[in-house]
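One structure is given below, encoded as structure tokens.
Letters go in sequence order (proteins before strands), and every chain restarts at 1. Quantities reported herein were computed from a predicted structural model and do not represent experimental measurements.
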Amino acid sequence: MSEHHKETFLTKYIFSLDHKMIAKQFLITGMFMGVVGMLMSILFRLQLSNPGESFAVLEFFLGEKWAPGGVLDPNIYLALVTMHGTILIFWVLTAGLTGTFANFLIPLQIGARDMASAFMNMLSYWFFFAATIVLLCSLFVESGPAAAGWTIYPPLSALPQAIPGSGLGQDLWLIAITLFVVSSLLGGLNYIVTILNMRTKGMTMSRLPLTIWALLIVAILGVLSFPVLLSCALLLIFDRSFGTSFYLSDIIINGEALHNTGGSPILFEHLFWFLGHPEVYIILLPALGIVSEVISVNSRKPIFGYKAMVGALILIAFLSFVVWGHHMFITGMDPFLGSVFTFTTLLIAIPSAVKVFNYLATLWRANIRFTPAMLFAIGFVSTFITGGLTGIILGDSALDINVHDTYFVVGHFHIVMGLSAIYGMLAGVYHWFPKMYGRMMNKKLGYFHFWVTFISAYGVFFPMHFLGLAGLPRRYYTNSAFPMFDGLSDINEIITFFAIVGGLVQLLFIFNFFYSIFKGTKATENPWGSNTLEWTTPVERIHGNWPGEIPTVERWAYDYSKPGAEEDFVPQNVPLKEGETEH
Amino acid sequence: MQLNLKKNKASKQLLWIGIVSIVMFFGGLTSAYIVRKAEGGWLEFEMPVWFTISTIAIIVSSALLLFAAQNVKSGKSATTLLLGTLFLGILFSYSQIQGWGDLVAQGVYLTGEGSNASGSFIYAITLMHLLHLIGGLVALLITTVKSKQGNYSKDNYLGIQLASIYWHFLGILWLYLFLFFNYS
Amino acid sequence: MMSILVGLIILLSVIVLVQILRVNELVSEVKDQDPNEITDKDNNIQGILTFSIFGVLFLGFVIWQFKYWGVHILPPASSLHGATIDTLMNFTLGVILFVFFLTQPILAWFSLKYRGRKNAVAYYYPHNNKLEIIWTVVPTLVLTPLIIYGLNVWNDITSADTSNSKVIELYAKQFNWTARYAGDDNTLGKANYKLVEGLNVLGVDMEDDTAQDDIVTREVHLVVDKPVLLKMRSQDVIHSAFLPHFRVQMNCVPGMTTQFGFTPTQTTAEMKEQEGEDFDFVLLCNKICGAAHYNMKMKFIVETQEEYDAWIASQETLKNSLTLN
Ligand code: HEM
Ligand SMILES: [Cu+2]
Ligand SMILES: [Cu+2]
């Protein structure tokens with residue numbers, strides 16, 4: 001490959017066109033936002049477990065105005081919850097997860113020199129970066145950042161009189177999300193086209209690693225659903241800034257009757273959740289892909305039921321477009337529609353169950369090598385089971401009546417989407433770190449990080465189900481206003497304790513990450529004995545990926561422990577032997 | 001050459017998938033329109049004549065663009081036809097703005113006391129279409145300049161192809177919106 | 001001062017960590033090992049840890065929570081339809097817990113059993129169509145009754161006959177609730193947000209005949225075993241009327257009216273006996289609505305017909321409260 005430009009610091013690290021560098025930019029921005037979002041959750045957890053008590057940290061981070069005397073202000077509580085949700089969902093687990101691994105893995109695993117359009121790829125990162133800056137700026141505006149929840153339901157999000165965060169803070173939020181959507185679309189277009197067009201010789205669709213399948217489907221989901229979020233946000237912007245009445249009707253706020261009539265907040269909810277539900281799969285599917293890969297490599301076994309795994313991914317993605325109404329069972333929607341959405345929602349349990357059983361079957365009679373990545377992958381299977389099962393309760397319209405918007409929901413979605421996706425992301429970082437930086441991450445710190453994370457994460461989110469079953473609504477500044485919740489304070493204290501421990505140990509991970517970039521032990525070309533193509537590239541990581549010809553693909557990615565092979569793995573570029581059949 | 005073909009195919013696919021996402025965007029807006037309309041309290045009004053003029057302008061512009069592409073493929077210059085397309089595109093934008101003027105004159109407002117969602121939707125959706133169309137105008141401008149400079153030839157006309165796909169799409173999108181406003 | 005101290009401590013711990021890692025790596029180097037290679041010993045330790053933490057500690061924690069925190073779960077429903085929801089919930093929970101306690105131990109057990117050894121070889125087993133069909137069909141078979149049962153309960157709740165129910169309006173605004181009884185004619189008078197003014201907090205149209213006997217109250221009294229139909233409106237943003245003890249929840253959306261019908265089956269007095277003197281039925285707001293969202297409440301009292309009659313007779317109708325003073 002003769003694609004050699006002169007590289008300066010600026011073109012190498014900042015305005016890089018190399019997909020591997022762009023991936024790292026996404027990863028590090030995502031990690032930074034992850035720390036910000038996590039810190040927010042710890043701040044508001046303090047208020048939840050010790051309502052009204054004074055904490056020096058609160059005053060330190062939020063200042064005298066937002067935490068007078070070290071006690072969190074209720075409006076700022078809601079602002080923190082909103083920003084926490086927004087940051088983790090969009091910045092960490094959409095951009096940070098997909099942006100990192102799609103950029104890094106797609107060209108490497110399909111055998112391409114780079115993305116179809118490296119320029120669009122760079123643009124995608126810089127839109128994301130701009131979105132990040134705008135969002136961070138909103139943390140410093142006088143009236144506080146957006147505070148209407150990450151779902152920004154109007155009229156609350158439309159009227160600054162209703163909550164201070166709906167002033168400038170909400171404007172910045174909307175601008176940030178618009179930039180974010182543009183970034184995701186640029187990225188998504190590129191991923192799809194790259195996967196469809198740039199595969200190396202022999203890389204048929206049926207030989208694609210599951211990571212690539214997952215990323216392809218995620219990109220398709222994004223291209224179909226993000227524009228709808230944009231149209232939803234656009235109408236909200238019109239309502240906020242130009243006084244139209246798409247979502248507003250018959251409102252008196254602060255004693256003043258608004259002129260708006262005829263608008264419908266429910267319309268917003270439909271448009272929002274048409275994105276919002278696929279969005280949770282946009283978060284989850286890359287993790288499913290990564291985990292499939294990590295489990296197979298470290299079990300030294302082929303992933304069980306490759307075709308079923310792909311089929312399940314496609315089915316889940318398809319169903320995710322027809323279930324959005326399960327967020328709206330109690331908005332007074334037509335009960336018949338409610339039944340339809342219950343039906344479609346519970347159907348998702350079937351492909352999900354297939355995935356779980358296939359993972360278990362992969363582990364059966366394996367030769368498991370417990371890398372930190374593998375532990376996170378096994379942790380993923382555990383949280384995916386736990387969270388998936390509680391979803392059966394929430395998807396059932398009759399049961400949702402009494403748990404909707406309670407802490408039961410908070411427990412459910414953190415486990416199935418938050419934890420699972422974070423585990424997938426961490427598994428991916430541990431697994432591909434040697435390819436990203438040419439060095440190994442420290443194993444012992446990795447083990448410690450996993451176990452403390454695993455224990456404290458369940459310690460935070462499992463007890464939340466009990467809060468929810470006790471009837472405690474989410475987005476409550478404190479539960480002390482109702483005597484019926486008085487007994488819950490011990491649960492709340494335990495949750496906060498684990499939240500702090502779990503948060504601190506992530507700092508250890510970040511330490512390990514940066515330490516290993518500079519001081520980690522040198523990695524070899526293929527430290528895990530993997531079959532996929534990225535491990536045939538040199539440790540030095542060059543522009544264009546392969547120094548010589550791009551390897552041709554001769555087999556699927558999962559020939560681990562194949563009888564008759566000399567080693568317990570056969571890379572994808574090794575030709576089939578005489579008489580050998582493909583799985 | 002082989003690589004070039006691959007690149008051409010990829011660029012076209014990029015554009016097509018981009019178009020799919022624009023379709024989803026307008027799909028979101030128009031389905032919001034339908035849902036909102038079904039809820040009642042909907043103001044009915046006449047579509048301005050200027051929108052019909054827009055429609056004619058954009059159809060003719062697409063036709064000119066087709067001929068332009070033909071010309072390039074057979075090795076002739078397309079500059080004049082491209083200029084014509086560009087002119088009609090600007091005429092389209094102009095008549096959109098005139099159309100809004102007509103709406104205001106009819107008492108259909110975007111916002112404020114007495115405004116109705118039906119009017120607001122028209123403004124919002126046509127404005128969004130116009131924004132996408134301005135992107136198309138920029139693309140046409142670039143191809144026109146390049147064509148004038150003689151950058152296109154019988155076997156190198158990807159730029160014109162891409163601009164054409166997008167421009168025809170915008171035309172079809174407008175046709176859809178126009179029929180949608182009139183008959184839904 | 002404080003921040004400098006904290007900064008110093010952080011810096012120190014980073015330095016200490018770096019040193020520990022360096023020493024660790026040096027030791028391995030001396031022993032000619034790769035410090036980050038996964039050894040059989042690692043596999044043993046991690047396999048055993050996975051089993052004990054995934055399989056024993058976590059599952060034990062779940063059981064422990066049910067045992068000690070189960071008491072916090074809401075008492076059995078105090079409404080007719082609520083009882084059917086409870087039964088459905090118990091059934092669903094049973095199925096879920098069964099699957100949970102089946103799959104999690106398998107995961108933990110496989111992790112221990114099949115932990116790696118240097119010379120062991122895994123079993124090459126890429127797929128088995130029969131097995132895959134089984135675990136597609138079995139979840140489908142389990143889900144089918146769950147779906148059918150759930151939809152039945154939902155249909156019964158949403159299509160309940162409310163023609164004989166007493167009509168009560170719940171009106172939400174930042175940050176409190178107001179109730180309006182439909183009065184003797186059981187018909188709520190028309191209302192319009194433009195009419196909200198002074199004492200007429202609900203914007204009731206006093207020209208409307210059916211509005212005259214409406215009664216506005218700050219708490220809700222219900223007659224045990226008599227059906228009611230709650231109609232919700234909101235003045236400003238979305239709220240949600242949540243009555244956890246009755247298994248009732250419905251959003252209150254500005255610009256539209258929503259409703260939920262139910263029949264209370266236990267009086268407040270009975271519940272106090274069962275749950276303690278502090279007990280009260282209560283209405284919460286369950287949709288984020290602003291700073292005091294957490295503090296939007298109204299008391300619900302379920303009582304006998306006689307008690308109710310006495311209470312309602314002591315309330316003023318709108319005709320009296322709005323037009324006479
Ligand atoms: C350190 C770990 C975390 C802790 C302690 C934590 C805690 C919480 C709590 C207690 C709430 C509910 C607050 C309320 O409703 O009043 C919440 C909301 C939320 N969290 Fe987390 N969380 C953590 C990590 C995550 C992760 C990994 C995600 C990624 C999906 C996430 C996404 C969200 C979302 C979307 C909300 C809802 C925000 C809203 O209501 O608008 N969180 N978090
Ligand atoms: Cu959903
Ligand atoms: Cu409220």
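Of the atoms belonging to A:Leu230, heavy atoms from both backbone and side chain fall under 4.5 Å from chain B. Only the side chain of A:Leu235 comes within contact range of chain B, with at least one heavy atom under 4.5 Å from a heavy atom of that chain. Of the atoms belonging to A:Leu224, heavy atoms from both backbone and side chain fall under 4.5 Å from chain B. Interface residue A:Leu189: backbone and side-chain heavy atoms are both found under 4.5 Å from chain B. Interface residue B:Phe121: backbone and side-chain heavy atoms are both found under 4.5 Å from chain A. For chain B, no part of A:Phe268 is nearby; none of its heavy atoms comes within less than 4.5 Å. Contacts between B:Ile34 and chain A at a heavy-atom distance below 4.5 Å are absent for every atom of the residue.
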For chain B and chain A, give me every donor-acceptor pair shorter than 3.5 Å, distances to one decimal.
unit_1: B:Lys9; atom_1: NZ; unit_2: A:Asn197; atom_2: OD1; d: 3.3
unit_1: B:Gln13; atom_1: OE1; unit_2: A:Asn197; atom_2: ND2; d: 2.5
unit_1: B:Arg36; atom_1: NE; unit_2: A:Gly262; atom_2: O; d: 2.6
unit_1: B:Arg36; atom_1: NH2; unit_2: A:Gly262; atom_2: O; d: 2.8
unit_1: B:Thr111; atom_1: OG1; unit_2: A:Phe242; atom_2: O; d: 2.3
unit_1: B:Thr111; atom_1: OG1; unit_2: A:Gly243; atom_2: O; d: 3.1

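For B:Ser164, there are no side-chain hydrogen bond (donor to acceptor under 3.5 Å, both in side chains) partners, not counting sequence neighbours. With sequence neighbours excluded, the residues satisfying ring-ring contact (aromatic ring centres under 6.0 Å, His included) with B:Tyr176 are B:Phe180.
Summarising the local packing, CZ of A:Phe119 is surrounded by 12 or fewer heavy atoms from other residues, nucleotides or ligands at distances under 6.0 Å.
In plain terms, the two heavy atoms of B:Ala117 and A:Phe246 that are nearest each other are O-CE2, 4.2 Å. Minimum heavy-atom separation, A:Val228 to B:Gly28: CG1-CA, 4.5 Å.
Contacts of residues 53-83 of chain B with chain A at a heavy-atom distance below 4.5 Å are absent; not one residue qualifies.
If you look at A:Phe226 and B:Phe25, their ring centroids are not closer than 6.0 Å.
If you tally non-hydrogen atom pairs under 4.5 Å between each of A:Leu234, A:Leu196, A:Leu229 and chain B, the highest count goes to A:Leu234.
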